[in-house]
There are 2 protein chains.
Amino acid sequence: MPRRLAPAGSPDGATPATPGAADATVTTDFLQSLLGYHARRASLSIVGVFLDRMAPFGLRPVDFSVLSVIAENPGVTSRQICSALDILPPNLVGIIRSLHERQLVLRKPHPDDGRAQGLHLSAAGQRLYRDACAVATQLEDHASRGLTAAQQRTLITLLRKVYERA
Amino acid sequence: MPRRLAPAGSPDGATPATPGAADATVTTDFLQSLLGYHARRASLSIVGVFLDRMAPFGLRPVDFSVLSVIAENPGVTSRQICSALDILPPNLVGIIRSLHERQLVLRKPHPDDGRAQGLHLSAAGQRLYRDACAVATQLEDHASRGLTAAQQRTLITLLRKVYERA
DNA sequence: TATTGTTATACTCTATAACTATA
DNA sequence: TATAGTTATAGAGTATAACAATA
C-alpha cells in the first residue's frame with residue numbers, strides 16, 4: 001500500500017518514505033516555485049525531442065545552430081559564430097571540421113583577412129539545412145502544442161526578458 | 001567601419017562577414033523563432049547566476065535540489081530522489097557521498113527495507129538549506145525582475161505546459 | 001527474479017592554456 | 001601587440017553494464 005511521504009518538518013523517521021512502490025510520492029514544492037527549475041526542464045524536454053527527430057540528419061542542436069548561422073550569414077567566420085552562439089573557439093573547431101568533412105560546409109579564403117576563412121553552405125548543406133528546418137518547425141509545433149499562438153508569443157517574450165540583460 | 005552581413009540567399013562572397021569588428025552583426029533569425037532556443041538561453045542564464053550566488057554554500061544546482069527533496073521528505077531514499085529529479089542512480093552516489101562527508105546529510109537504516117537507507121538533513125544541513133533557500137528566493141526575484149507577479153505565474157504555467165506530458 | 005546502492009567506465013559537453021599565422 | 005584558427009587537455013555532466021546485499 002502506497003503511503004505519502006512525511007511533510008517537511010515532521011519528526012525524522014516518524015513517517016519515512018516508502019521505497020519500491022512505483023507510486024510513492026516525493027514532494028518537490030520549493031523547486032516547483034523556481035523559474036530556473038521549470039526553464040531547465042522545458043529546455044531538456046525540447047532538446048530531447050530535437051535529438052530524436054534530428055538524428056536522421058546527423059545533427060545535434062549545436063550543429064543545426066551552426067548551419068543556421070552560416071545559412072543566414074554566408075561568409076561568416078568561426079569567431080563570429082562563437083560570439084553569436086556562445087561557443088568557445090576550441091569547441092567550435094571540431095563542429096566545423098565535422099560539417100566540412102561531411103561536405104555540408106565550405107571554407108573559402110576571407111577576402112579581407114588572411115587569418116580568417118569565410119564559411120558557406122554547399123549545395124548539399126543547403127538541402128540538408130532546408131529539410132532540417134522543416135523538421136525544426138514541426139518540432140516547434142510539437143513543443144508548443146496545447147499553447148495558442150498568442151501564448152507561444154507570450155512565452156518567448158517572457159523568456160527573453162529573463163535572459164536578456166543590458 | 002562596421003558592415004552588416006549579407007542576408008541569407010545573397011551570392012556567396014558578395015558581402016562577406018567582417019571579422020574582428022566588435023560590432024559586426026550576425027543574424028540568428030530562425031533560431032530566434034524557436035522556443036527551445038529561448039528556453040535553453042533562459043535556463044543557462046539562471047543557472048549561471050545560481051552558480052555564482054550559491055558558490056559560498058558550496059552547492060551546485062543539483063546539490064541544492066537534492067537537499068531540498070531531503071528537507072521536504074525526511075527518510076527519502078536515493079532511488080526516490082533519482083525518480084523525482086531525473087538523476088541516474090550511479091550519478092547520485094557521489095552527490096550523496098559528498099553531502100554526507102560534509103555532514104549535511106545523515107543516512108539512517110530504513111525501517112522497512114534493509115537494502116535502502118533513509119536520508120535526513122543534519123542540524124547543520126537544515127541551517128545550510130535554510131540559508132540557501134533564502135538566496136534561492138533572492139535569485140528568483142533577480143531572474144524575474146522586469147516581470148510582474150502575474151507574468152511570473154504565466155511564465156511558469158506556460159513552461160509546464162511545454163514539458164508536462166501524459 | 002527484482003530492486004537498492006554501488007563501482008567502474010565511457011562518452012559528451014564545457015573550459016583553459018598555449019601555439020601558428022596573420023593583422 | 002592583438003586576433004583567427006587550432007591543438008591539447010582537464011573538468012563537469014551524463015550514460016550503460018555489472019556486482020553484492022536484500023526483497
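Lettering follows sequence order; numbering is per chain, from 1.
Of the candidates C:dA8, D:dT6, D:dG5, the closest approach to any side-chain atom of B:Pro90 belongs to C:dA8. You'll find that the side chain of B:Leu88 is closest to D:dA15, out of C:dT16, C:dG5, D:dA15. Comparing C:dA21, C:dA8, C:dT14 against the side chain of A:Asn91 picks out C:dT14 as the nearest.
The separation between A:Leu85 atom CG and C:dC13 atom P is 15 Å, rounded to whole Å. Atom CG of B:Asp112 and atom P of D:dA23 are 10 Å apart (whole Å). Rounded to whole angstrom, the span from the CD atom of B:Gln117 across to the P atom of C:dT3 amounts to 19 Å. Atom CG in B:Leu51 sits about 10 Å away from atom P in C:dA15, given to the nearest Å. Counting to the nearest Å, the C1' atom of C:dT4 and the CG atom of B:Leu92 are 12 Å from each other. In this entry the distance linking CD1 of B:Ile81 with P of C:dT3 reads 19 Å, nearest Å. Between the C1' atom of D:dC19 and the CZ atom of B:Arg115 lies a distance of 15 Å, rounded to the nearest Å.
The base of D:dA4 is not paired with the side chain of A:Asp113 by any donor and acceptor separated by under 3.5 Å. Under 3.5 Å, the side chain of B:Arg79 and the base of C:dT4 form no donor-acceptor pair of N or O atoms.
Of all the residues in residues 60-69 of chain B, B:Arg60 reach under 4.0 Å from DNA chain D with at least one non-hydrogen atom. Within residues 93-102 of chain A, the residues having any heavy atom closer than 4.0 Å to DNA chain D are, in order of number, A:Val93, A:Arg97.
Remark: the backbone N or O of A:Arg153 is paired with a side-chain donor or acceptor of A:Thr157 at under 3.5 angstrom. Side chain of A:Asp63 to backbone of A:Arg60: a donor-acceptor contact under 3.5 angstrom is found. A donor-acceptor pair under 3.5 Å is formed between the side chain of B:Ser144 and the backbone N or O of B:Glu140. Of the possible polar contacts, one joining the A:Thr148 side chain to the A:Gln151 backbone as a donor-acceptor pair under 3.5 Å is found.
The shortest distance between the side-chain N/O atoms of B:Arg107 and the OP1/OP2 oxygens of C:dT6 is below 4.0 Å.
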Exercise for review: List the steps and the verdict of side chain to side chain contact (heavy atoms under 4.5 Å, CB included) for A:Phe64 and A:Cys133.
Suggested key: CA-CA 9 Å; A:Phe64 177 80; A:Cys133 274; 4.0 Å; yes
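Nucleotides of DNA chain D nearest to A:Gly118 and A:Leu44 differ in position, and the one nearer the 5' end is that of A:Gly118.
Across all their heavy atoms, A:Leu147 and A:Gln152 have their closest contact at O-NE2, 3.6 Å.
Inter-residue side-chain proximity for A:Thr77 and A:Cys82 is flagged as unmet; no heavy-atom pair is nearer than 4.5 Å. At a threshold of 4.5 Å between non-hydrogen side-chain atoms, the residues B:Gln117 and B:Arg107 count as touching.
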N/O donor-acceptor pairs under 3.5 Å from side chains in residues 86-106 of chain B, not counting sequence neighbours:
| from | atom 1 | to | atom 2 | distance (Å) |
| --- | --- | --- | --- | --- |
| B:Arg102 | NH1 | B:Gly58 | O | 2.9 |
| B:Arg102 | NH2 | B:Phe57 | O | 2.7 |

